[in-house]
Amino acid sequence: MASRLFRVHGEFCTNHPWEVIVATLTLTACMLTVEQQPPLRPTKPTIKSCLGCIQEAEYNAADLISMTILRSLAVLYCYYQFRKMHKLGSKYVLGIAGLFTVFSSLVFTTTVLNILRIKVSDLKDALFFFLLLIDLSKAAILAQFALNGANQAERKTNIAKGLAELGPTITLDTLVETLVIGVGTMSGVARLEMLSWFACLSVLVNYIVFMTFYPACLSLILELSQSSNFCKTKDSWKIFAFKEDRKSNPVLQRVKLIMSVGLMVVHVQSRWPFRDSEVYTIEPLVQQSFNKTDDSIATHVSFIRWLVLGADHIVIIILVSALLIKLIFFEIKDNLVEIKPGFDKETPKPTKQMPMINFTLGESCESTYEDKEVQTLATSNSDVDSSSDDGVPKQCRSLEDCVKIFKNIDLGATALTDDEIILLIKNKNIAAYQIEKEVDDPERGVGIRRKILGRDLLESPKLLENLPFRNYDYSLVMGACCENVIGYMPIPVGYAGPLLLDGRELYIPMATTEGCLVASTNRGCRALKVSGVTSSVVADGMTRGPVVRFPSIVRTSQAMQWIQDPDNFKKIKEQFDSSSRFARLQRLTLKIAGRFLFIRFIATTGDAMGMNMLSKGTEYSLKLVQQVFYDMEILSLSGNFCTDKKPAAINWIEGRGKSVVCEAIVPAKIISSILKTNVHALVDVNNSKNMVGSAVAGSIGGFNAHAANIVTAIFLATGQDPAQNVSSSNCMTLMEPWGPDGEDLYISCTMPSIEIGTIGGGTILPAQSACLDILGVKGSNRENPGANACQLAKIVCGTVLAGELSLMSALTAGHLVKSHLRHNRSTTLLPDAFDRKKNILLPSCKDNA
């Protein structure tokens, strides 16, 4: 409930940024320009009544030492925050978060203090105290949410999501922080009390500004930056996530709530209004400060003290200067060599740069990104332990010492070198599949596993030299996509399009290593650009087919009849639907084979492909049936009646996943000018090849030219399970003459079993997620669950139609071999292999084609 409220609040701030910003600034201006009335002689202490105590305490030696220590700690903490932000790799996150924090902490707090009639010159001690309250992480995380959006609408949504995620935690943290600091106002130490009052005000003001002014500014800045070609900078939108989990710990939240209640009781007890004698005791020195009649003299003295530099101020200035010099002139220079992508650590030679067109923003703005390190560092250098700071291998400690360090709670595997960790793995102290978890560094864990494989199994570390592993976010892979990781496989991604599908132009990302595939599909898209493709999802239902066994065929038949009863099916459906928010059972198909009963569960699964949902729902349902038929034996949740990742007639006939049909009418002029053939020849070849030829071969769902090519390429690009191309490539391509004279071409593709999803599995990986973003189907559709997955299935079918049209035209015109020779063979061999003037293959290469 709280997250929903914060999200609504965030949507309001991002959708009305001008109103929020103007309202905040207007209120600030009013508070700064409000007329200051001379204060009445107070009868009770106020915040200002402590100023005399603060000025008097400046000459106390103990106070001087303690405040110098406090100031130094504040500066060091601030420096630590900026160093932490600097590791993010984005100047924009650092700049936006830093400016906001400084602005809110100083300007807005000063405005509030002006209303309380406290002079700004009295804040010189409090300014250092403010530094301890700076927390750039929350502002940076919200900036990350915003900058990760592909367009302005998504950025606004991301800001609202960020507030929904951070809002409850920040609210509780603000409450706890205010109550904890508020204890300082009851310390009896005048100087500390004054600083605590200032700090409490700063915390509250920062919270209000963060929840209103900051999201509005973020939304407005990003909107203005998009219109001013802000994307042309080198590292625009380049954000690295924090390593720690952004979700709050529920145990910690409960502890904070308990702490808040306790602190609230302490404050109520200490500030009970009837304890006049204890609360309103006023020191004579404070009383005298209000008897002063010459306010101008007091202001002059205060201003002079503000400017005068004491010994403690000189120490602080030297400390700040040293840290700034180190950060600006040394650390950044080192980062340019060691951290910056595109540079080798030992030989700083820049890698190639590649232009990247941002299709999702709908503009041709070219941003030049330095390419990520595609190849690994030479494996011959891997013998140098990564945990050695100076590059010199450290001596491996004994197994006993390594075990002690590993089991030490404060040290653990992170305190060991790579060779020492390998020693523990060989002696079964660390499981090989848990290296990343133990060293708390996924990339280092992958590197260690590569060393083990290279040294002991392959007996040649150079075999892994060309398999890249650096600069990859393995935190998304572990426990979700792959195990025993030793690297990643770069696959070229091209695009075909625009494909005019249902009145909308789309660019289709395709990951493949087959030459001509993208070019051929792109030609089909070009041929369909005038008429476009119309698509329709005619059925939706993922399946899971368990196998159960009974003592006799009599019991099997009874169970089958019981399940087919409408009332009993309703019970099964309720049980199945209770297992998930999105899985909804549609129907059941049952088959008997002797004592075996095969039950095919068909259910919708929202935007997920849905195999895990089906498995869970199936298990819930079978337990219900088992309560009636106690002698039923559940042999397997998957009895191959699904059928998953295997050729099966049931998927071709009944469908599985999304069943999609696409059609298009291609004018005769396009066929002759772009496809270089004619309608009647195309129809003839399609009938003889895709219909008769596939029937002769006994094909199941293979009545097409090469649907699997397009399906697999899109699956790899968008993070689908590539093994499911088996059923997903089921396709029937039909062609017939169209129009009064039959000069135009009608083409359709029927694909009954596209198994696809936009959440889960490989869709969470950054590259695959980016391809889904290009298509506009990233993640789940909140308004209409399942719409994104259905749209992606339509895109697959529409692209298959374009690929079928292009390839069949090439086969009809006899261009297939020529195109492969042109694209797949070295251009230096083409003159000897192909006579372009005569348009024929030379005898020397026919045997090789």
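Atom set for the values below is all heavy atoms of this structure, side chains included, hydrogens, waters and symmetry mates excluded.
- Annotation: side chain of Thr799 is in contact with side chain of Ile714 (closest heavy-atom distance under 4.5 Å).
- Between Gly487 and Phe469, the closest heavy-atom pair is CA-CB, 3.7 Å.
- Side chains of Thr543 and Arg656: a donor on one and an acceptor on the other come within 3.5 Å.
- In this structure a side-chain-to-backbone donor-acceptor pair under 3.5 Å is missing from Ser809 to Leu675.
- Taken to the nearest 0.5 Å, the CG atom of Leu476 stands 13.5 Å off from the SG atom of Cys482.
- Here the straight-line distance linking atom NZ of Lys658 with atom CE of Met542 works out to 6.5 Å at 0.5 Å rounding.
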For this session: Evaluate the criterion side-chain contact (heavy atoms from CB on, under 4.5 Å) for residue pair Leu801 and Ile747; output intermediate values, then yes/no.
Result: CA-CA 8 Å; Leu801 188 145; Ile747 178 174; 4.0 Å; yes
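- Using bins of under 30°, 30° to 60° and over 60° for the plane-to-plane angle, the ring pair Tyr488/Tyr472 lands in the parallel bin.
- Under the 4.5 Å side-chain criterion, counting only non-hydrogen atoms from C-beta, Ser659 is in contact with Val538.
- The two atoms that bring Ala713 and Leu517 nearest to each other are CB-CD2, 4.2 Å, heavy atoms only.
- For the pair Glu436 and Asp441, the minimum side-chain heavy-atom distance is 4.5 Å or more.
- Minimum interatomic distance between Asn730 and Ile700 (heavy atoms only, all atoms of both residues): OD1-O, 3.6 Å.
- Put simply, the side chain of Ser580 gets close to the backbone of Phe582: a donor and an acceptor are under 3.5 Å apart.
- At a threshold of 4.5 Å between non-hydrogen side-chain atoms, the residues Met691 and Met735 do not count as touching.
- A 4.5 Å side-chain heavy-atom check between Leu588 and Ile599 finds at least one atom pair inside the cut-off.
- Listed by chain and residue number, nothing satisfies the side-chain contact (heavy atoms from CB on, under 4.5 Å) test with Ser688 (two or more places apart in sequence, or in another chain).
- With no hydrogens or angles considered, a side-chain donor-acceptor pair links Ser806 and Ser520 at under 3.5 Å.
- Residues passing the side-chain contact (heavy atoms from CB on, under 4.5 Å) test with Thr618 are Arg544, Pro546, Phe576, Phe601, Leu622, Leu637, sequence neighbours excluded.
- Just one residue in the list Val777, Leu501, Leu500 forms a side-chain contact (heavy atoms from CB on, under 4.5 Å) with Leu506, and that residue is Leu501.
- The backbone N or O of Asp502 sits nowhere less than 3.5 Å from a side-chain atom of Thr534 that would complete a donor-acceptor pair.
- With hydrogens and angles ignored, the 3.5 Å screen pairs a side-chain donor or acceptor of Thr763 with a backbone N or O of Gly760.
- Side chain of Thr718 to backbone of Cys771: no donor-acceptor contact under 3.5 angstrom is found.
- The line from CE of Met510 to CD1 of Ile491 is 13.0 Å long, rounded to the nearest 0.5 Å.
- The residue from Asn781, Asp607, Thr758 that alone fulfils the side-chain hydrogen bond (donor to acceptor under 3.5 Å, both in side chains) condition with Asn788 is Asn781.
- Taking 4.5 Å as the limit, some side-chain heavy atom of Leu765 sits within range of a side-chain heavy atom of Cys481.
- In plain terms, the two heavy atoms of Thr513 and Pro492 that are nearest each other are CG2-CD, 3.9 Å.
- Between Asn704 and Cys731 the shortest heavy-atom distance is ND2-O, 3.0 Å.
- Note that the CE atom of Met751 and the OG atom of Ser728 stand 7.0 Å from one another [nearest 0.5 Å].
- Ion pairing between Lys645 and Glu755 fails under the 4.0 Å rule for side-chain N and carboxylate O.
- Shown here for Val726 and Lys646, the closest heavy-atom pair between the two residues is CG1-C, 3.6 Å.
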Problem set entry | Steps toward side-chain contact (heavy atoms from CB on, under 4.5 Å) verdict (Ile774, Tyr495) | CA-CA 10 Å; Ile774 291 174; Tyr495 78 91; over 6 Å; no
Exercise. Run the side-chain contact (heavy atoms from CB on, under 4.5 Å) check on Leu792 and Leu772 step by step: do they pass?
Worked result: CA-CA 9 Å; Leu792 183 56; Leu772 288 171; 3.9 Å; yes
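- A donor-acceptor pair is defined here as one N or O able to donate and one able to accept, closer than 3.5 Å; such a pair exists between the side chain of His706 and the backbone of Gly803.
- With contacts defined as side-chain heavy-atom distances shorter than 4.5 Å, the pair Leu805/Leu745 qualifies.
- Using modelled atom types, no side-chain atom of Arg444 and backbone atom of Asp440 make a donor-acceptor pair closer than 3.5 Å.
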For this session: Evaluate the side-chain contact (heavy atoms from CB on, under 4.5 Å) criterion for residues Val446 and Tyr474: first the C-alpha distance (whole Å), next the side-chain angles of each, then the deciding distance (0.1 Å), finally the verdict.
Result: CA-CA 9 Å; Val446 173; Tyr474 293 105; 4.0 Å; yes
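- Atom CG of Leu716 and atom CE of Met489 lie 11.5 Å apart (nearest 0.5 Å).
- Here Ser729 pairs with Ala708, Val711, Asn725 under the side-chain contact (heavy atoms from CB on, under 4.5 Å) rule; sequence neighbours left out.
- Between the side chain of Thr604 and the backbone N or O of Gly606, no donor-acceptor pair lies under 3.5 Å.
- No side-chain donor-acceptor contact under 3.5 Å links Thr733 and Asn690.
- Taking CD1 of Ile422 as the start and CD1 of Ile430 as the end, the distance is 10.5 Å to the nearest 0.5 Å.
- Using a distance-only test at 3.5 Å, with no hydrogens or angles considered, no donor-acceptor pair links the side chain of Glu483 to the main chain of Met478.
- At least one side-chain heavy atom of Met609 sits less than 4.5 Å from a side-chain heavy atom of Gln724.
- The neighbour count for Asp577 CG, taken as heavy atoms of other residues, nucleotides or ligands under 6.0 Å away, is above 12.
- The side-chain contact (heavy atoms from CB on, under 4.5 Å) with Glu663 is formed by just one residue from the set Ser535, Ser536, Ser748, Ser531; it is Ser748.
- Side chain of Lys437 to backbone of Ile435: no donor-acceptor contact under 3.5 angstrom is found.
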